[in-house]
Amino acid sequence: QVQLVESGGGLVQAGGSLRLSCAASGRAFSSYFMGWFRQAPGKERSFVAAVSWSGGSTYYADSVEGRFTISRDNTKNTVYLQMNSLKPEDTAVYYCAATTRWSTARRQYDYWGQGTQVTVSS
């Protein structure tokens, strides 16, 4: 098992930046494919970004491509989401998740953090 704890959320103006962190504990962090998802009020939880086990490959939702960057540091058991050029529509609770499989599908992720709120004001 792995335990995930997100941090770094907050309130930011449109056009601003935030960096989310997700600290993992438990089973070997490098054995997990890591993803970020988000859920806005009244909407389903959706894929944002994912990073492969070594960090060499990354994947993004079309809505964040070019603005968000996912990365991981296996020596620190941490995955990051750098969010730039934020828009009001990025407002959501952001969740870190882990799976042992290559996937961008929510149902394939086995472990989830508690979420961190990101609010972007216009």
Side-chain angles (χ1 to χ4, degrees):
Q1 282 196 341
V2 63
Q3 292 77 42
L4 304 171
V5 179
E6 302 98 334
S7 61
L11 173 64
V12 64
Q13 289 188 333
S17 299
L18 281 175
R19 188 175 84 152
L20 305 183
S21 299
C22 173
S25 60
R27 185 181 163 187
F29 178 66
S30 60
S31 67
Y32 290 99
F33 188 93
M34 299 298 297
W36 285 96
F37 292 77
R38 66 186 180 186
Q39 187 167 17
K43 295 187 177 181
E44 292 189 352
R45 194 171 300 186
S46 62
F47 170 75
V48 175
V51 61
S52 62
W53 299 267
S54 67
S57 297
T58 56
Y59 311 88
Y60 298 95
D62 290 344
S63 59
V64 307
E65 180 83 53
R67 299 188 297 122
F68 290 11
T69 302
I70 189 171
S71 62
R72 67 190 295 164
D73 186 339
N74 287 345
T75 66
K76 297 181 178 180
N77 289 359
T78 302
V79 61
Y80 305 97
L81 185 68
Q82 177 67 44
M83 305 185 294
N84 298 329
S85 302
L86 283 161
K87 305 176 181 179
E89 52 264 43
D90 293 318
T91 295
V93 177
Y94 283 70
Y95 297 90
C96 172
T99 178
T100 56
R101 295 155 284 193
W102 184 101
S103 180
T104 60
R106 181 184 61 189
R107 66 183 182 278
Q108 297 289 337
Y109 283 75
D110 304 303
Y111 304 102
W112 293 84
Q114 82 289 350
T116 185
Q117 176 71 48
V118 171
T119 303
V120 184
S121 63
S122 57

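Each residue takes its place number in the sequence, starting with 1. Below, each value reflects all heavy atoms present in this structure, side chains not excepted, and no hydrogens, waters or symmetry copies.
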Report yes or no: do [X] and [Y] belong to one cluster of Ile/Leu/Val/Met/Phe/Trp/Tyr joined by side chain heavy-atom distances under 4.5 Å?
X     : Y     : value
Val51 : Phe47 : no
Val79 : Val64 : yes
Trp53 : Ile70 : no
Val48 : Phe33 : no

If I compare all heavy atoms of [X] with all of [Y], which pair ends up nearest, and what's the gap?
X     : Y      : value
Arg67 : Ser85  : NH1-O, 3.0 Å
Pro88 : Ser122 : CG-CB, 3.8 Å
Ala28 : Ser31  : O-OG, 2.6 Å
Asn84 : Ser17  : OD1-OG, 2.9 Å

Item to check | Arg107 atom CZ: more than 12 heavy-atom contacts under 6.0 Å | outcome: no
Checklist entry - If you draw a 6.0 Å radius around CD in Glu44, do more than 12 non-hydrogen atoms from other residues or ligands fall strictly inside? => result no
Next on the checklist: Is there a side chain to side chain contact (heavy atoms under 4.5 Å, CB included) between Arg106 and Tyr95? Walk through the geometry before answering.
Outcome noted: CA-CA 11 Å; Arg106 181 184 61 189; Tyr95 297 90; over 6 Å; no
May I ask you to test the [X]-[Y] pair for a side-chain heavy-atom distance under 4.5 Å?
X     : Y      : value
Met83 : Trp36  : no
Met34 : Leu4   : yes
Thr91 : Gln117 : yes
Tyr94 : Glu6   : no
Ser46 : Phe37  : no
Thr75 : Phe29  : no
Leu81 : Arg38  : no

Next on the checklist: Please verify the inter-ring angle class for Tyr32 with Tyr111; under 30° counts as parallel, over 60° as perpendicular, anything in between as tilted.
Outcome noted: perpendicular
Rounded to the nearest 0.5 Å, what's the gap from [atom1] on [X] to [atom2] on [Y]? Could you check?
X     : Y     : atom1 : atom2 : result
Ser30 : Asp73 : OG    : CG    : 11.5 Å
Ser21 : Arg72 : OG    : CZ    : 13.5 Å
Phe68 : Thr58 : CZ    : OG1   : 14.0 Å

Next on the checklist: Tell me every residue that passes ring pair (Phe, Tyr, Trp, His ring centres under 6.0 Å) with Tyr60, counting only those two or more places apart in sequence or in another chain.
Outcome noted: none
Item to check | side chain to side chain contact (heavy atoms under 4.5 Å, CB included) against Ser103, all qualifying residues, sequence neighbours excluded | outcome: Ala105, Gln108, Tyr109
Item to check | Heavy-atom donor-acceptor pair, Asp110 side chain to Val2 backbone, under 3.5 Å | outcome: no
